[in-house]
Amino acid sequence: METGRIPLAALAGGFDLQATVESGQTYTWSREDGGMYDDELAHGGDAWYYTVLPETVTGDDPAVVRARQFDGGLEWASSVDAHDHLVELLRLDDDLDAIVARTPDDPLLAAAYDAYRGMRLVRDPPFRTLVSFICSAQMRVARIHGMQTRLAREFGDPVAFDGETYYAFPRPDQLAEATEERLRELGLGYRAPYVARTAEMVADGEAHPLAAADLPYEEARDYLTRFVGVGDKVADCVLLFSLGFLEAVPLDTWIRTAIADHYPECDRGSYRETSRAIRERFGGEYAGYAQTYVFFYLRTGGSV
DNA sequence: TATCCAAGGTAAGTT
DNA sequence: AACTTACCTTGGATA
C-alpha cells in the first residue's frame, strides 16, 4: 500500500473532489460508502472515493486508487504510486484561477463558478468515456453510473486491493464479447446494441477514440460520430472529458435550456453553428469548463 | 395504487 | 439539410 498527499498549495485555484467526481462529467469514480449523487450533496465533504486505473493508464495491471479531500488538498492510497495518475485524471495541473480569469464576465457563469469553485474537469480513459456517454442518452446521472458499475462487475477483471475485490472497466475486447441481450439485462435498454457495436469496432481496430486526439476540434468530433450511438453531443463529451478538448461544449438539455433562457441569440438551429456560438460566448479556449460548471449548477437547482 | 413523464440523444425515415 | 418519430427503463410526480 502506497499513500501520498497533494497539498492545497499545489492546486492552483483550489480543489473540490466531490464536485469533480459527482458532477456528471465522469462515471469512473465511486464512493466507498456506496453513496453517490445524493440530493443533499455534502459539498466539500471528505468521503473516500475509488477508481480502478485501466492497464492503459498503469502500463501494467489495473490498479485501485482511493482518494479523499483533506484540508482542501487530496490524499490517496493505492497499490501503485498514484500521484502522477491523479494529476492526469483530475487535471490537477489546471490553473483554475487563470481559467476563470479568462472566462467572460456574465451572471450565469459567475454564479456557476462561485457555487462549485474548485471543481475540475477530468481526463478519463477514452474507451470507458465513450461507452459511458453512449449509455447517457436520455438517462439520469445516477443510473448511468449504475450501468458502468454493472458493466465492470459483469465483464471486467477483478482487482484485489486492501482485502476487497474491485472490478476494472472492461477492455474493448471484453465488452465486444457481450451480447445485446446480456447488455439489455444489465439495464442498458436501447443503448445495448450501440455499446455492443462500438466495442466491436474498437476491439476489431476499425476505429479508436484516441485517434480523434490528433485531429482539429471539429474534425475530431466528426470522427467520433462513426461509433454507433455517438452523435455530436456524445462526441463532444468524449472530447471534453477524455481527450482534452477544453473548447468543446456538449449541447445537452441543460445547456440548451441555458441558451434559451440566457443566450437566445446563440441558438443557430444546427448543432454545429449553435455550438460555435455558445463556445464563443463562453470564452472559446476554456468554454468546456464553463459548460461543465453551468451544467452542474443548473442540474443542482441553481438559477440566476 | 395506477398512470404519466422525462432523463446529459441517436438512428432511421420523410419532406 | 431540416424535421419526425421510435426507442428501453425506471424513479418520482401526479391523479
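As a basis for the values below, the full set of heavy atoms in this structure was taken, side chains included, without hydrogen atoms, waters or symmetry mates.
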| message | If I take atom CG in residue A:Asp124 and atom P in nucleotide B:dG8, what distance separates them, rounded to the nearest angstrom? | response | 18 Å
| task | Using atom CE of A:Met147 as one end and atom P of C:dT10 as the other, report the distance to the nearest whole Å. | result | 9 Å
| said: What's the closest nucleotide to the side chain of A:Arg140 if the choices are B:dT10, C:dC8, B:dG8? | reply: B:dG8
| message | Under 4.0 Å between a side-chain nitrogen and a carboxylate oxygen: does that hold for A:Glu280 and A:Arg276? | response | no
| message | Between the base of B:dG8 and the ring of A:Phe133 - centre-to-centre under 5.5 Å, planes within under 30° - is that a stack? | response | no
| request: Confirm from the modelled atom types if A:Arg191 and B:dT10 form a donor-acceptor pair under 3.5 Å, side chain to base only. | output: no
| A:Asp252 bridged to A:Lys233 by N-O distance under 4.0 Å | no
| said: Can you list, in residue-number order, the parts of residues 261-275 of chain A that come under 4.0 Å of DNA chain B, counting heavy atoms only? | reply: none
| query | What do the steps show when you test A:Arg281 against A:Glu265 for salt bridge (Lys or Arg N to Asp or Glu O under 4.0 Å), and what is the final call? | reply | CA-CA 10 Å; A:Arg281 178 54 76 106; A:Glu265 73 283 0; 2.4 Å; yes
| If you take atom types as modelled and just measure distance, does the side chain of A:Tyr194 reach the base of B:dG9 with a donor-acceptor pair under 3.5 Å? | no
| message | If I pick the P atom on B:dG8 and the same atom on C:dC3, what distance separates them, to the nearest angstrom? | response | 25 Å
| When all nucleic acid strands are considered with a 4.0 Å heavy-atom cut-off, which category describes A:Gly231: base, sugar-phosphate, or nothing? | sugar-phosphate
Name the pairs: protein N/O against N/O of nucleotides 13-15 of chain B, kept only if under 3.5 Å.
none

| message | If the threshold is 4.0 Å, N to carboxylate O, is there a salt bridge linking A:Arg184 and A:Glu181? | response | no
| field | Reference residue A:Pro250; test side-chain contact (heavy atoms from CB on, under 4.5 Å); the match among A:Cys237, A:Ser275, A:Ser136 | value | A:Cys237
| request: Verify side-chain contact (heavy atoms from CB on, under 4.5 Å) between A:Phe241 and A:Leu121, making sure each step is shown before the conclusion. | output: CA-CA 7 Å; A:Phe241 305 134; A:Leu121 286 181; 3.9 Å; yes
| remark: For DNA chain C, the dot-bracket notation using Watson-Crick and G-U wobble pairs below 3.5 Å, [ ] for pseudoknot-type crossings and | for other-strand pairs, is |||||||.|||||||
| So does A:Asp93 pair up with A:Arg123, basic N to acidic O under 4.0 Å? | yes
| Using atom P of each nucleotide, how far apart are C:dC8 and B:dG13 to the nearest Å? | 15 Å
| Taking A:Thr26 as the fixed residue, which of A:Asp124, A:Thr129, A:Thr20 is the one that meets the side chain to side chain donor-acceptor pair (under 3.5 Å) rule? | A:Asp124
| said: Categorize A:Arg143 for me: base, sugar-phosphate, or nothing, with a 4.0 angstrom heavy-atom threshold over every strand shown. | reply: base
